[in-house]
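A short worksheet on the structure shown next.
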Amino acid sequence: IVAGKRALERNQVVKSFLDDYEAEEYAGVNVKQVDGSESPKLTVYNGGKEVDQVDLGGVRSKSELHRMMMQYGFQFRDSKELHRMRERRRQKEHVEAWNRGEKDHLKKPDYLNHRSKELYEEGMEL
């Protein structure tokens with residue numbers, strides 16, 4: 001799924017579907033948000049060859065998006081894989097927030113490796 005950031009502001013349903021990582025719950029789905037006003041599109045590949053492209057600009061509900069994903073044969077990721085993906089995402093978002101200086105309401109990430117902690121202590125970004 002490729003979507004322009006300005007176009008997503010006009011379609012809060014698709015924006016929420018992407019921002020809440022619901023699209024990535026399906027195996028084989030990649031999401032890319034680009035600068036600009038490009039309408040969100042789902043491009044379906046089979047064997048590396050593009051077989052369909054769907055404009056998501058007119059979608060009005062998340063259930064419609066989930067139905068569409070199922071109709072194209074996308075399967076939910078394995079629960080263990082989904083859990084690992086969510087944990088990695090949570091850790092990445094935590095470190096990004098920490099690096100942006102949002103430290104007042106965050107505890108120092110405890111999963112950073114020893115070298116990252118040293119860099120932090122030296123005042124470098126993690």
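All values derive from a computational prediction rather than experimental measurement.
The cluster map of Ile, Leu, Val, Met, Phe, Trp and Tyr, joined by side-chain heavy atoms under 4.5 Å apart, puts Met85 and Val29 in different clusters.
When atom types are taken as modelled, the side chain of Arg77 and the backbone of Glu24 share a donor-acceptor pair closer than 3.5 angstrom. Put simply, the side chain of Asp52 never gets that close to the backbone of Val44: no donor and acceptor are under 3.5 Å apart.
Donor-acceptor pairing under 3.5 Å is recorded for the side chains of Asp19 and Gln33.
Heavy-atom minimum distance, Ser61 versus Val13: C-CG1, 3.4 Å. Considering every non-hydrogen atom in both Pro40 and Asp55, the closest pair reads O-OD1, 3.4 Å. In this structure, Leu56 and Val14 approach most closely via the heavy-atom pair O-CG2, 3.5 Å. Between Gly57 and Asn11, the shortest heavy-atom contact is O-ND2, 2.9 Å.
Here the CG-NZ distance, from Leu18 to Lys32, works out to 14.0 Å after rounding to the nearest 0.5 Å.
Sorted by first and then second residue, the ring-ring contact (aromatic ring centres under 6.0 Å, His included) pairs with a member in residues 23-57 read Tyr26-His66, Tyr26-Phe76; sequence neighbours excluded.
Salt bridge Glu22/Lys62: present, at least one basic N to carboxylate O contact under 4.0 Å.
Test Arg88, Glu87, Arg89 against Gln91 for side chain to side chain donor-acceptor pair (under 3.5 Å) and you get one pass: Glu87.
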Salt bridge (Lys or Arg N to Asp or Glu O under 4.0 Å) between Lys5 and Glu9, intermediate numbers included: CA-CA 7 Å; Lys5 293 175 184 173; Glu9 293 303 321; over 6 Å; no

